[in-house]
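Working notes for the structure below.
Below, chains carry the letters A, B, ... as their sequence lines are ordered, and counting in each starts from 1. Owing to the predicted nature of the structure, the values given are computational and were not obtained by experimental measurement.
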Amino acid sequence: MIDVRLLRDEPERVRASQRARRADPGLVDAALAADEARRGAIGRFEALRAEQRSIGAGIPSAAADEKAALLARTKDLAVDVKAAQVELDEAEAAFDAALRAIDNVIVDGVPEGGEEDFVVLDEIGTLPDIADPRDHLAIGEALGMIDVERGVKVSGSRFYYLTGWGARLELALVNLAMAQAIETGFTPMVVPALVRPAAMEGTGFLGQAAENVYRLEADDLYLVGTAEVPLAGYHMGEVLDGAALPLRYAGLSPCFRREAGTYGKDTRGIFRVHQFDKVEMFSYTHPDDAEAEHERLLGWEKRFLSALELPFRVIDVAAGDLGASAARKFDCEAWIPSQGRYRELTSASNCTTFQSRRLDIRARGDDGRPAPVATLNGTLCAVTRTIVALLENHQQPDGSVRVPAALQPHLGVDTLRPGEDR
RNA sequence: GGAGAGGUGGCCGAGCCAGGUUGAAGGCGCUUCCCUGCUAAGGAAGUGAGGGGUACUGCCCCUCCGUGGGUUCAAAUCCCACCCUCUCCGCCA
């Protein structure tokens with residue numbers, strides 16, 4: 001949720017953010033009105049409560065004859081206090097709901113508009129010159145790396161097996177990603193993929209993204225769609241040492257996504273699946289350092305994709321296409337030869353203090369006061385999509401696939417050839 | 001799955017079955033100062049969070065002892081429900 005003080009002091013900034021997102025700026029005024037009502041209720045309750053307490057404090061020491069009169073008065077007061085309490089609770093709840101309805105305030109410079117209104121920030125690498133590119137599934141099947149047919153037989157649509165070199169490629173990618181993360185100063189983590197409602201709710205995935213989340217009804221647990229959830233939840237309810245910031249974690253987890261509303265989209269191969277593994281970077285920083293950290297996360301994503309020798313572009317996602325908790329998002333989109341277009345491979349979001357307020361994650365600053373930290377997340381390697389881009393961009397006319405130099409030490413070969421299965 | 005124990009401030013840990021200056025003893029940690037050639041040890045003081053008010057850098061008030069209800073003039077302290085954690089047994093790995 002956003003900062004109440006920002007709402008009160010600079011409502012126009014929040015309204016402008018809402019407009020840029022194509023969201024309702026009226027929510028700002030609704031929240032302001034709810035805040036006004038809440039403060040009135042607080043005043044009424046506190047006045048009554050203070051009187052009740054001051055009289056109550058004198059009762060034990062009061063003379064016997066005064067005692068009866070005091071008891072009678074506080075008895076009446078108790079009724080009023082209770083009523084004021086109810087009124088206050090309702091006002092607080094209404095204000096909280098109004099505040100939570102407002103999306104995170106975007107960072108200055110984020111392009112306005114919807115999905116199509118992104119701005120291209122960078123184009124890296126050169127597009128491969130492939131006469132008649134085959135798609136990743138054709139290549140992967142020929143190499144004995146991907147088995148979608150059996151994935152569907154066992155688990156249904158959008159499931160797959162990685163077999164032989166396919167499985168080895170995943171392990172090599174995860175190792176390369178973790179090696180880079182560790183070298184960069186991230187603490188490697190293997191995290192829970194099942195989380196309680198509080199973690200899911202706090203990270204903001206039960207809002208408009210709820211339909212894409214798997215829920216285990218019998219146990220009241222959720223399957224995470226990204227390690228962002230357990231990594232953000234890691235410090236929930238804590239007060240961190242401000243001097244220790246930034247805290248950087250690289251989490252490996254399976255990711256589960258229902259892909260509701262994507263019927264007919266990306267049905268071939270493993271580009272869009274219900275389950276995949278991913279190495280995710282997550283940073284807790286001082287709010288003033290968030291934008292710089294966002295650039296750093298993007299830099300590490302670019303470094304990883306470049307190491308894989310993939311051509312890609314970086315886009316500044318438009319406000320209307322941001323999730324509720326992101327204040328800015330950079331996507332790295334790799335070139336997919338069989339589709340002749342760029343597709344999202346990684347994504348880095350700056351959630352400023354939006355998530356940490358919901359999750360109650362604070363850090364003690366120089367003044368000794370705890371204040372919400374900023375949280376940021378960025379994909380280092382979403383395995384299946386990386387495999388897609390790798391197979392397609394590095395395919396050779398003879399049906400083999402070139403292994404980029406950085407990956408060779410982890411995979412053990414410089415080329416993947418048909419017939420060399422295992 | 002069966003049986004117990006427990007959830008208190010940044011942390012540990014009293015208080016709760018004698019309900020009323022207990023926002024909460026004590027310790028650790030932290031901050032400042034003293035001592036010291038430096039460090040350590042030692043000594044002194046201070047040190048929770050959230051919210052509201054304001055004649056607003058000082059003060060006043062309210063709330064918070066897992067969560068939500070209840071009893072009471074008054075609850076960390078009594079009652080109920082729920083959540084969570086831990087231990088033992090069984091089971092599985």
For [X] and [N], give me the distance from atom [atom1] to atom [atom2], rounded to whole Å.
| X | N | atom1 | atom2 | result |
| --- | --- | --- | --- | --- |
| A:Phe95 | B:G52 | CZ | C1' | 13 Å |
| A:Asp220 | B:C84 | CG | P | 8 Å |
| A:Leu48 | B:A74 | CG | P | 13 Å |
| A:Glu51 | B:C73 | CD | C1' | 13 Å |
| A:Asp360 | B:G10 | CG | C1' | 13 Å |
| A:Gln85 | B:U72 | CD | C1' | 16 Å |
| A:Leu221 | B:C83 | CG | P | 13 Å |
| A:Ile55 | B:C62 | CD1 | C1' | 16 Å |

Pairwise [atom1] distance for [N] and [M], with rounding to whole Å:
| N | M | atom1 | value |
| --- | --- | --- | --- |
| B:C30 | B:A81 | P | 44 Å |
| B:A41 | B:G52 | P | 42 Å |
| B:C12 | B:U21 | P | 26 Å |
| B:C33 | B:A76 | C1' | 36 Å |
| B:G68 | B:G19 | P | 25 Å |
| B:G9 | B:C59 | C1' | 24 Å |
| B:C83 | B:U31 | P | 42 Å |

Among [options], find the nucleotide with the atom closest to the side chain of [X].
| X | options | result |
| --- | --- | --- |
| A:Lys75 | B:G50, B:G51, B:C73 | B:C73 |
| A:Arg49 | B:G52, B:A49, B:C62 | B:C62 |
| A:Arg8 | B:C61, B:C84, B:G52 | B:G52 |
| A:Lys82 | B:U63, B:C73, B:U71 | B:U71 |
| A:Arg362 | B:G50, B:C73, B:G52 | B:G50 |
| A:Ile42 | B:C73, B:G51, B:C62 | B:G51 |
| A:Val239 | B:G10, B:G50, B:U85 | B:G10 |
| A:Arg53 | B:C62, B:A74, B:G52 | B:C62 |
| A:Ala78 | B:C73, B:G50, B:G51 | B:C73 |

Under 3.5 Å, sequence neighbours excluded: what are the donor-acceptor pairs made by side chains of residues 229-240 of chain A?
unit_1	atom_1	unit_2	atom_2	d
A:His235	ND1	A:Glu238	OE1	2.8
A:His235	NE2	A:Tyr249	OH	2.7

Heavy atoms of other groups near [X] [atom1], more than 12 under 6.0 Å:
| X | atom1 | result |
| --- | --- | --- |
| A:Arg150 | CZ | no |
| A:Glu149 | CD | no |
| A:Glu12 | CD | yes |

Distance-only donor-acceptor hits, side chain of residues 93-100 of chain A, under 3.5 Å, sequence neighbours excluded:
unit_1	atom_1	unit_2	atom_2	d
A:Asp96	OD2	A:Arg100	NE	3.2

B:G51 base to A:Glu46 side chain: any donor-acceptor pair below 3.5 Å?
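Answer yes: a donor N or O sits under 3.5 Å from an acceptor.
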
So, is A:Arg73 near the phosphate of B:C73, with a side-chain N or O under 4.0 Å from OP1 or OP2?
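Result: no.
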
May I ask you to verify if any side-chain N or O of A:Gln52 is less than 4.0 angstrom from the OP1 or OP2 atom of B:C73?
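For A:Gln52, the contact criterion (side-chain N or O under 4.0 Å from OP1 or OP2 of B:C73) is not met.
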
Before we go on, tell me: are the rings of A:His294 and A:Phe330 under 6.0 Å apart, centre to centre?
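Close enough - the centres of the two rings lie under 6.0 Å apart.
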
Run the side-chain donor-acceptor check on residues 272-281 of chain A: report pairs under 3.5 Å with partners two or more places apart or on a different chain.
unit_1	atom_1	unit_2	atom_2	d
A:Arg272	NE	A:Asp266	OD2	3.0
A:Arg272	NH1	A:Glu259	OE1	3.1
A:Arg272	NH2	A:Asp266	OD2	3.0
A:His274	ND1	A:Tyr214	OH	3.3
A:His274	ND1	A:Arg257	O	2.7
A:His274	ND1	A:Arg258	O	3.4
A:Lys278	NZ	A:Thr226	OG1	2.8
A:Lys278	NZ	A:Glu280	OE1	2.7

With nearest nucleotides of RNA chain B determined for A:Thr74 and A:Arg5 from heavy-atom distances, which residue corresponds to the more 5′ nucleotide?
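Residue closer to the 5' terminus by nearest nucleotide: A:Arg5.
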
When we call it a touch if two heavy atoms are under 4.0 Å apart, what does A:Arg44 touch: a base, just sugar-phosphate, or nothing?
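Since no nucleic acid heavy atom lies under 4.0 Å of A:Arg44, the category is nothing.
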
Could you give the side-chain donor-acceptor pairs of residues 191-206 of chain A under 3.5 Å, partners two or more places apart or in another chain?
unit_1	atom_1	unit_2	atom_2	d
A:Thr203	OG1	A:Ala199	O	2.7
A:Thr203	OG1	A:Met200	O	3.1

Stem ranges for RNA chain B, with three or more consecutive Watson-Crick or G-U pairs under 3.5 Å?
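Stems (3+ consecutive pairs) listed as B:1-7 with B:83-89, B:10-12 with B:26-28, B:29-34 with B:42-47, B:48-53 with B:59-64, B:66-70 with B:78-82.
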
In terms of base orientation, is B:A40 syn or anti, with the syn window spanning 90° either side of 0?
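For B:A40, whose glycosidic angle is more than 90° from 0, the conformation is anti.
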
Enumerate the side-chain hydrogen bond (donor to acceptor under 3.5 Å, both in side chains) contacts for residues 169-188 of chain A, please, sequence neighbours excluded, ordered by first and then second residue.
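Of all non-adjacent pairs touching residues 169-188 of chain A, those that pass side-chain hydrogen bond (donor to acceptor under 3.5 Å, both in side chains) are A:Glu183-A:Arg303.
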
